[in-house]
Amino acid sequence: MPTPTESLTAAFYNCKNRNCSKEQLNNFLDRAKTQWTGNEGMQATIKFLESQI
């Protein structure tokens with residue numbers, strides 16, 4: 001079973017591979033930031049994914 005980090009990363013790259021717009025990718029990560037408030041590990045993953053946009 002994938003970890004939350006693996007799931008978030010896979011979902012992000014799935015969206016990116018489907019040519020989602022930058023706005024859609026940013027909205028996806030904004031929702032993830034809200035969901036993972038207080039979890040520094042996930043926030044670091046989200047920050048890394050933001051750099052991939």
Side-chain angles (χ1 to χ4, degrees):
M1 182 148 213
T3 66
T5 300
E6 292 168 337
S7 295
L8 179 67
T9 302
F12 174 82
Y13 284 115
N14 181 291
C15 291
K16 195 169 179 183
N17 290 337
R18 290 185 295 123
N19 296 317
C20 290
S21 68
K22 288 184 179 188
E23 181 182 6
Q24 290 170 316
L25 292 170
N26 280 320
N27 288 340
F28 172 79
L29 292 177
D30 286 344
R31 289 189 304 274
K33 284 180 195 174
T34 300
Q35 180 180 351
W36 294 102
T37 298
N39 183 320
E40 292 305 314
M42 288 301 286
Q43 292 296 324
T45 299
I46 293 165
K47 188 170 258 237
F48 170 75
L49 293 174
E50 284 178 323
S51 73
Q52 304 300 304
I53 295 176

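When atom types are taken as modelled, the side chain of Thr9 and the backbone of Glu6 share no donor-acceptor pair closer than 3.5 angstrom.
The two atoms that bring Cys15 and Leu25 nearest to each other are CB-CD2, 3.7 Å, heavy atoms only. Closest heavy-atom contact between Gln52 and Phe12: CB-CE2, 4.0 Å. A pairwise comparison of heavy atoms in Gln43 and Lys33 identifies NE2-O, 3.1 Å as the closest pair. Closest approach of Lys16 and Ile53 over heavy atoms only: NZ-N, 4.5 Å.
Note that CD1 of Ile46 and CG of Asn39 are 8.0 Å apart. Values are rounded to the nearest 0.5 Å. To the nearest 0.5 Å, atom CG of residue Leu29 and atom CZ of residue Phe48 are 11.5 Å apart. From Thr45, atom OG1 reaches atom CD of Glu50 across 11.5 Å, with rounding to the nearest 0.5 Å.
A 4.5 Å side-chain heavy-atom check between Cys20 and Phe28 finds every atom pair outside the cut-off.
For Arg18 and Asn14, the side-chain atoms include at least one donor-acceptor pair closer than 3.5 Å.
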